Structures are given as structure tokens and as C-alpha cells.
Amino acid sequence: MTRKVIDGLVNVHFGEAEQQPTWMLKVRDDYFKGPASMFAPVDMAELLDEMDAQGVQKAVLMDSIAKPHITARKFAEARPDRFALAMGGFNLLKPMPTLRELTAIAADLPVVYAAVGPSFWGDGMYPPSDAVYYPLYTKCAELDLPLCLNTGLPGPPIPGEVQNPIHLDRVCVRFPELRLCMIHGADPWWDVAIRLMIKYENLRLMTSAWSPKRLPESLLHYMRTRGPNKVMFASDWPVLKMTRVVPEAEALDLPPDVLDNYLYNNADEFFFRER
């Protein structure tokens, strides 16, 4: 039986670039062993067909303040019932212009969370506990807008220590009003991420870019016991196709109510509740 699904992270903008950066090609070829079509332009009808076949009611499309993703915004405008936006591309070294833009965009477009990858900007020098993030934390808390941060070692050959989830310990202490979500899993620091979610009510985890059948048993145990409301599904499509990861998720050894939470309910409450 196909359950209702929210896919919390989908990329439809790859085809907008004439040439992908070298690190993106390495991720495709060396890390995920993906096809050349991973970076092809996306047809909305074909994406909707894949979503319908897998029970995906809504998909959150990555967008950027620094370089707006035309395809994502076009899809969200055409089908607001099926698509929402996640906003990244922040200049945290000169925060005020980018935060003014975030405020304006969040008022005009269906933005359901902001996103930052600590390894992917500033040469990987700034962990999330650094004060350079504080203006963004303050703005997201003010807007009641969830903020997602990459955790776990990144696929590209770039520094990864800043994505150790332990850096969120101080963030959760200092910004208890901020709704935070770790994305792209937390490997090899899964147990740290789990312990932090037990400790802090405002912290979640999204399994984007992770094949569900590869998720560690410690995380599945946490979902069955103390964390049925804390973990959310996402594909990172087209890096991982919905046709692969939704059936894998449905095959996990989880009680039906926990599986429903993982695939739909947790994301619906965390990202789509009225602000």
C-alpha cells in the first residue's frame, strides 16, 4: 500500500546550469554512481507523474537567494498545492541584505524552510555554533520559519567537521524558539544526532540523500521508541529517485503509525503548519 508522503527535499534546478561544478560531477559519478541525466532539465508533468505513482502529496523544492532557481519558482507558482520552496544561498558574512531578502521572499512565495550547508560556504570554516549564523537564527525564529542545516560528512571532497551535529548543542540552548532540522542524515555521528533530539524539543532530522534501507538500526530504534515525531523523509531527488526510496521506506521495520509519521505527518506539522 502506498501511503501519503511529503518529500522534504527535491532539486529541479540542476538543468539550469550549462556546466556543473567539478565537485557536483564527483558526487554524481563517485559517490552516488548516478546517471548523466541527473543534471538534465526537469519536466513538471513527468515529476508529478513520479510523485503520483509514489503517493507524494507535496515536494519541497530547493531555491536560492543568491541565484534564484527559475524552475523551482515556476513549479511552485503553477502548482502551489503540490510544491513549496526551501530557501538557501545566504551571505552570512554580510547578513542584513540577505535577511531583508529572506523576509520579503517568505512573504511572497511558499517558503517552508531556510537551508544552510556549513561545509558548502566560507571554505567550511564556520560551524553552526559560530556567531556568524546568529542573525539568520534570529530572523528564522522571528518569522517562525524552520531552518535546516546539513549534518554528517558531505559527499564532495570538502571539509566536513563543521557538520558534526554536536555544534547544534549550543544553538539549541541559545535559540530554544528556533525550529531546527538536521538534513542529509548525520553519518558518522548518528548517535550524537539522536542524543541531541532526545535533549532538545525543537530539533528534528531529515533523511534526505539517504537510501532508507541504509539507515542505521539505532535511528530506526529511536523512531520506534522515543522519537516517533522527530524524523522526516526526503529523497534529494534526482540524486535518489522517489521510485527507489519511497518503496524502501515503506519496507522499513516500523509500526504503521511511526511509518506514517516518518513519511508524512512529521513534515506536515513541522514545515506546513500555519505560521
Side-chain angles (χ1 to χ4, degrees), residues 3-16 41-52 54-91 97-117 136-150 177-184 202 204-209 232-239 242 246 261-275:
R3 289 175 158 81
K4 289 199 305 181
V5 179
I6 291 175
D7 193 330
L9 202 163
V10 169
N11 303 283
V12 297
H13 63 282
F14 290 156
E16 295 176 10
V42 178
D43 180 82
M44 185 172 68
E46 292 180 0
L47 177 57
L48 286 169
D49 286 344
E50 184 172 347
M51 291 169 61
D52 291 342
Q54 301 304 321
V56 177
Q57 309 294 306
K58 301 174 185 176
V60 183
L61 311 179
M62 288 303 303
D63 196 356
S64 172
I65 283 178
K67 187 177 181 180
H69 297 163
I70 298 170
T71 308
R73 297 191 185 190
K74 181 177 70 175
F75 285 13
E77 181 179 0
R79 293 298 304 269
D81 58 321
R82 304 299 299 275
F83 298 115
L85 299 174
M87 195 61 56
F90 303 108
N91 183 350
T98 199
L99 296 182
R100 293 189 188 101
E101 184 70 9
L102 174 62
T103 302
I105 289 175
D108 292 339
L109 299 175
V111 178
V112 295
Y113 67 81
V116 175
L136 178 61
Y137 296 156
T138 301
K139 177 55 65 176
C140 287
E142 179 184 282
L143 296 175
D144 194 26
L145 183 68
L147 175 62
C148 293
L149 295 102
N150 291 34
E177 304 88 354
L178 177 61
R179 289 192 281 151
L180 281 168
C181 180
M182 300 172 281
I183 61 175
H184 293 353
N202 61 325
R204 303 291 190 274
L205 183 142
M206 183 193 295
T207 62
S208 48
M232 297 175 282
F233 169 84
S235 66
D236 201 24
W237 188 99
V239 176
M242 298 173 195
V246 172
N261 284 353
Y262 171 54
L263 288 175
Y264 185 88
N265 295 332
N266 293 346
D268 189 46
E269 191 279 330
F270 196 67
F271 294 134
F272 288 93
R273 77 182 191 192
E274 186 173 348
R275 296 198 301 274

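This one's a predicted model, so the numbers in the text were calculated from it and none came from an experiment.
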**Message:** Show the nearest heavy-atom pair for residues Ala115 and Met62, with the distance to one decimal.
**Reply:** CB-CE, 4.0 Å

**Message:** Does Arg3 qualify as a cation-pi partner of Tyr264, given the criterion of NZ or CZ under 6.0 Å from the six-membered ring centre and within 45 degrees of its axis?
**Reply:** no

**Asked** Quick check: does any side chain N or O of Arg179 sit under 3.5 Å from a backbone N or O of Phe270, one acting as donor and the other as acceptor?
**Response** yes

**Message:** Would you compute the distance between atom CG of Asp144 and atom CG of Leu178 and round it to the nearest 0.5 angstrom?
**Reply:** 9.5 Å

**Asked** With distance as the sole test, does Asp7 use its side chain to make a donor-acceptor pair with the main-chain N or O of Ser235 at under 3.5 Å?
**Response** yes

**Request:** List the steps and the verdict of side chain to side chain contact (heavy atoms under 4.5 Å, CB included) for Phe14 and Val42.
**Result:** CA-CA 8 Å; Phe14 290 156; Val42 178; over 6 Å; no

**Contact summary for Met232 and Ala267, nearest pair of heavy atoms** = SD-CA, 3.5 Å

**Asked** Within the side chain of Tyr137, is there an N or O that forms a donor-acceptor pair under 3.5 Å with the backbone of Leu147?
**Response** no

**Main-chain N/O of Glu46 paired to Asp43 side chain as donor or acceptor, under 3.5 Å** = yes

**Prompt:** How long is the span from the CE atom in Met206 to the CG atom in Asn266, to the nearest 0.5 Å?
**Reply:** 11.0 Å

**Prompt:** Quick one: CG on Leu149 to CD1 on Ile183, what's the gap to the nearest 0.5 Å?
**Reply:** 7.5 Å

**Prompt:** Taking the side chain from Asp63 and the backbone from Pro68, do they hold a donor-acceptor pair closer than 3.5 Å?
**Reply:** no

**Asked** Step by step, would you call Leu102 with Leu145 a side chain to side chain contact (heavy atoms under 4.5 Å, CB included)?
**Response** CA-CA 10 Å; Leu102 174 62; Leu145 183 68; 4.1 Å; yes

Taking distance alone, no hydrogens or angles, what donor-acceptor pairs closer than 3.5 Å link side-chain atoms of residues 81-90 to residues at least two apart or in another chain?
| unit_1 | atom_1 | unit_2 | atom_2 | d |
| --- | --- | --- | --- | --- |
| Asp81 | OD1 | Arg79 | NE | 3.0 |
| Asp81 | OD2 | Arg79 | NH2 | 2.8 |
| Arg82 | NE | Gln57 | O | 2.8 |
| Arg82 | NH1 | Asp52 | OD1 | 3.1 |
| Arg82 | NH2 | Asp52 | OD1 | 2.9 |
| Arg82 | NH2 | Val56 | O | 2.8 |

**Asked** Can you find a heavy atom in the side chain of Ile6 that is under 4.5 Å from one in the side chain of Phe272?
**Response** yes

**Asked** Without hydrogens or angle criteria, can the side chains of Thr98 and Asn91 be said to hold a donor-acceptor pair below 3.5 Å?
**Response** no

**Asked** Is there a side-chain contact between Tyr113 and Leu9 (heavy atoms, below 4.5 Å)?
**Response** yes

**Request:** Measure up the His13 and His69 rings against each other and bin them: parallel (under 30°), tilted (30 to 60°), perpendicular (over 60°).
**Result:** parallel

**Complete:** Between the CG atom in Asn202 and the CG atom in Leu180, the distance rounded to the nearest 0.5 Å is 5.5 Å

**Val60 versus Val112, closest heavy-atom pair with distance** = CG1-CG2, 3.8 Å

**Asked** Has the side chain of Glu16 got a donor or acceptor atom that lies under 3.5 Å from a matching backbone atom of Thr71?
**Response** yes

**Message:** Surrounding CD of Glu269 (heavy atoms of other residues, nucleotides or ligands, distance under 6.0 Å), is the total greater than 12?
**Reply:** yes

**Message:** Is there a side chain to side chain contact (heavy atoms under 4.5 Å, CB included) between Val5 and Tyr262? Walk through the geometry before answering.
**Reply:** CA-CA 9 Å; Val5 179; Tyr262 171 54; over 6 Å; no

**Glu142 with Lys139: basic N within carboxylate O range, under 4.0 Å** = yes

**Message:** Is any side-chain heavy atom of Leu99 closer than 4.5 Å to one of Leu136?
**Reply:** yes

**Item:** Contact check, side chains of Cys148 and Phe271, non-hydrogen atoms, under 4.5 Å
**Value:** yes

**Message:** We want to know whether Ser208 and His184 form a side-chain donor-acceptor pair, criterion being a heavy-atom distance below 3.5 angstrom.
**Reply:** yes

**Request:** Give a yes or no on whether a salt bridge exists between Asp108 and Arg73, defined as a side-chain N under 4.0 angstrom from a carboxylate O.
**Result:** no

**Item:** Intermediate values then yes/no, side chain to side chain contact (heavy atoms under 4.5 Å, CB included), Met242 and Val10
**Value:** CA-CA 10 Å; Met242 298 173 195; Val10 169; 3.9 Å; yes

